[in-house]
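Here the structure is a predicted model, which is why all the values come from computation and not from measurement.
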Amino acid sequence: MGILCTRKIVFENFRNLGVCNSEKPETRLDLGVVGTGGLICLIGANNEGKSNVLAGIAEWGDGQLSDKDEPTFDIGTGKPRVWVEYSISVNAMSKLKPEEALQKKEFVISSLSAAIKKTAKENFKDITGCEYGYESLQKIFAKPVEAIYGEDHKGKAIFLKLEKSEVCCGLVFTLAWDTMYIKNVCDDMHHDIKEVYGSQSGIKFKVVNSSLSGYKEQGYGVLADLRRGLERLSLEDNESLKEQGNTPRAYRKELGLDGWAQIDELPQEIGVGFPNIFSYAHQEAKLTDQHLRVAYQQIGQSAFFQTLFKILDIPLDKVTRAYEIKNKGNENRFKKTEKDICAHLKKVSERFNALYRLYEKTDVYAFNIVLGDSEVVFSISKKDHHSDDTTSKVSLDRQSTGFQKFFHFFFNFLHRDAISRGDIVLIDEPENSLSIPAQIEFRDFLKNFGREQGITFIISTHSPFMLHIDHLDEVRMVVKNTKPDTRGSWIDNDFSLKESGEVNALRKMCMALGATSNLNLATSSTDLKNRKWVFVEGIMDYNIFGAYQKIYPKKEASKLTFLPISGVGKDGAEMASKLKALLDFIKDISIDHPILLVDADKAGEAMKEAAQKNTKVRAITLKEAFMDGENPKAGFEEFCNEDIKLESLFSQEDRKQFGLQDCKHLRIAGVISSAFKNTPDLENRLSAETKKRFDTLFNFLLEGSF
């Protein structure tokens, strides 16, 4: 059994959002699949309501709406309401029971983190009798090790070796759910492990050299598979979710003018509660070298040092007391205080570098406190790339704009222990004061950090460089109601679910951003005119093809640019309208030989026929990729007997695994396919059957002369 949980924020009669007679029955902001985290980019023309979206979320987080939030239109409206809603459904994931699936496979630890290597180098020989290295690890795990699992006091899954051997006695491996790093703990706990933890025996894992190839093809599972198996196992005993079956159930936390109107209890199995909301006020004064030094008598008046010592959990008066001691002649105690503070700062440096590596892959920084004669100085050093022992002091003022932005972001925000998986962070126009390269770097950092930590960043932006043409699934657009007798705005979450001819979502985005050219959305350095453009039916197709593009084995796949249209239309008139809009867009951005890729069903064939009347775009169906002239390609004879749609490319197992079988019916195709696009270790999770079909399609797109 697998659990599918999505979430959204809904606005009703909140300022100009979700008011009476709106074009959409529900003004909502889709947040995606619970637990995935990442980035949501909120765009819209001036005065259409972006700031109201952020304000509504922030007020929900504070638990208080006000009379000022009531709409001011000259029509009757209800009272403002804002709620966060989780939609949960349960699917049968496999005929094989989860515990049987875990015992059936052997799982591979293909690499070890730096934390393991450090511990192993110090203690490995004493424990194992072998020198540390991949050869000795492979010797220890020459045969799969049977393990049991449970959870430690922090809720992290742990795996412990059952049998006691001469070589591997006492090794305990910990799998952290958040980062999926392996940590080595030298503690012999196997004697009473069954009494301490509710455990599942029979899981087997081994270590291989990550430079060796072939272990995946040999049928080993990877740790991502193991984690998912354990998650499924935890759901087996939940009778209420079983009874619910595949019918989604809504859980709501709703806020009105009189306070909380409804607070449902979420099932523990989804792993998170309703989110906490945090707002990052990047408009605060920019940190400079001057802020990093202060007279010790004035340290309590420094905002930076107040924040720093709060992070360190050290009272500020410890510094002033140290100077009082020094003035009495006790230099040794004064220096000891400095040393103690620097020891605490080492952990902050490690945290800073761990996060900064998501932003900048190379530089490593160290922080220290210098207690001078009369000044307290926060010192920044950068390690030499070629030597761990060589460092050089750096000036914050002379660092890149991107580093300065991250430094400010870290010390004023990211250090907060209160932010955890499932929470939401609001940032209004983060591009302010950033160069174009820094905008792109900061955007990528937010996305990567959010995915890594399970945190959702919601940013409002006017900058096209905070978007990416390969990640349009992150975009949410605030759109003004234009139909007669309507007021206010609604939120466009999914460009594949438009009701009629607004095929050109990209052009609407450019208008919302104030951009004069669609090409401004190309935030990579690649010249898009030299790429092969493939227009697909909707955001689900766009996400799935974009996901497979990353793992397709041939590097030529980078030449493909997928863009979503809003379906092929219900009848001839609508198809003609959509086709005209598409041709206008193609003309606007001057691209040559674009492809329109459609499903091989009745509607797709009709759109192909309509497109054949124009030479500016070549329409092809999915089925053509699997045909050799009039006959199916070898191995696809049975596959070609049916209509071939996007979902047909997936094996039955993969449709269930990724929640693709019901997502269109449940109207969550956009968020489900976006989660699929951001799936870790996707290549190893897809079945061979699915990969064979996608490989055949991509070969066709790249090698075909269209």
TODO: Please list, chain by chain and in numerical order, all residues satisfying ring pair (Phe, Tyr, Trp, His ring centres under 6.0 Å) with Phe545, sequence neighbours excluded.
DONE: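 Scan of Phe545 (ring pair (Phe, Tyr, Trp, His ring centres under 6.0 Å), adjacent residues dropped) gives Phe562.
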
Open item on the list: Among residues at least two apart in sequence or on other chains, which ones pass ring pair (Phe, Tyr, Trp, His ring centres under 6.0 Å) with Phe676?
Closed with: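 Phe676 satisfies ring pair (Phe, Tyr, Trp, His ring centres under 6.0 Å) with Phe650, Phe658 only.
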
Can you name the closest pair of heavy atoms from [X] and [Y] and give their distance?
X: Lys645; Y: Leu622; result: C-CD1, 3.5 Å
X: Leu446; Y: Phe409; result: CD2-CE2, 3.8 Å
X: Asp599; Y: Leu646; result: OD1-N, 3.3 Å
X: Lys480; Y: Trp490; result: O-NE1, 4.4 Å
X: Pro80; Y: Asp69; result: CB-O, 3.9 Å
X: Ser489; Y: Val478; result: CB-CG1, 3.8 Å

TODO: Using a cut-off of 6.0 Å, state whether more than 12 heavy atoms not belonging to Asp258 lie near its atom CG.
DONE: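 No - once you tally the heavy atoms of other residues, nucleotides and ligands closer than 6.0 Å, there are 12 at most.
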
Task: Donor-acceptor contact present, side-chain Asn16 to main-chain Glu48, <3.5 Å - done: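 Side chain of Asn16 to backbone of Glu48: a pair is present.
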
Open item on the list: side-chain hydrogen bond (donor to acceptor under 3.5 Å, both in side chains), that's the test. Do His408 and Tyr280 meet it? Break it down for me.
Closed with: CA-CA 11 Å; His408 186 284; Tyr280 172 59; 2.8 Å; yes

Could you tell me whether [X] and [Y] make a salt bridge, using a distance below 4.0 angstrom between a side-chain N and a carboxylate O?
X: Lys50; Y: Glu429; answer: no
X: Asp30; Y: Arg28; answer: yes
X: Glu26; Y: Lys8; answer: yes
X: Arg655; Y: Glu647; answer: no
X: Arg15; Y: Glu70; answer: no
X: Arg443; Y: Glu474; answer: yes

Spacing of [atom1] belonging to [X] relative to [atom2] belonging to [Y], to within rounding of 0.5 Å:
X: Leu54; Y: Asp428; atom1: CG; atom2: CG; answer: 5.5 Å
X: Leu596; Y: Ile565; atom1: CG; atom2: CD1; answer: 5.0 Å
X: Leu467; Y: Ile43; atom1: CG; atom2: CD1; answer: 6.0 Å
X: Phe274; Y: Arg7; atom1: CZ; atom2: CZ; answer: 10.5 Å
X: Arg249; Y: Cys5; atom1: CZ; atom2: SG; answer: 12.0 Å
X: Ile424; Y: Leu29; atom1: CD1; atom2: CG; answer: 8.0 Å

With [X] via side-chain contact (heavy atoms from CB on, under 4.5 Å) - residues at least two apart:
X: Ser674; value: Asp473, Asn543, Asn678
X: Leu255; value: Trp60, Leu65, Trp260
X: Ala250; value: Glu85
X: Asp264; value: Tyr251, Arg252, Gln262

Open item on the list: Classify the ring geometry of Phe304 against Phe407: parallel below 30°, tilted from 30° to 60°, perpendicular beyond 60°.
Closed with: parallel

Open item on the list: Below 30° counts as parallel, above 60° as perpendicular, anything between as tilted: where do the rings of Phe445 and Phe449 land?
Closed with: parallel

Open item on the list: Could you walk me through whether Ile458 and Leu39 satisfy the side chain to side chain contact (heavy atoms under 4.5 Å, CB included) test, starting with their C-alpha distance in whole Å, then the side-chain angles of each, then the deciding distance to 0.1 Å, before giving a yes or no?
Closed with: CA-CA 6 Å; Ile458 302 176; Leu39 179 65; over 6 Å; no

- [ ] List the steps and the verdict of side chain to side chain contact (heavy atoms under 4.5 Å, CB included) for Leu266 and Tyr86.
- [x] CA-CA 8 Å; Leu266 290 169; Tyr86 286 56; 3.9 Å; yes

- [ ] Could you walk me through whether Ile40 and Thr456 pass side chain to side chain contact (heavy atoms under 4.5 Å, CB included), step by step?
- [x] CA-CA 7 Å; Ile40 291 175; Thr456 299; 3.9 Å; yes

Task: side-chain hydrogen bond (donor to acceptor under 3.5 Å, both in side chains) assessment of Arg685 paired with Gln657 - done: CA-CA 9 Å; Arg685 292 190 60 179; Gln657 177 184 182; 3.0 Å; yes

Open item on the list: Determine whether Lys253 and Glu265 satisfy the following criterion, salt bridge (charged side-chain N to carboxylate O under 4.0 Å, His left out), listing intermediate values before the conclusion.
Closed with: CA-CA 9 Å; Lys253 187 174 182 181; Glu265 184 177 352; over 6 Å; no

Task: side chain to side chain contact (heavy atoms under 4.5 Å, CB included) evaluation trace for Ile459 with Met466 - done: CA-CA 9 Å; Ile459 67 170; Met466 292 299 293; 3.7 Å; yes

Task: Phe442-Phe406 aromatic ring centre distance below 6.0 Å - done: no

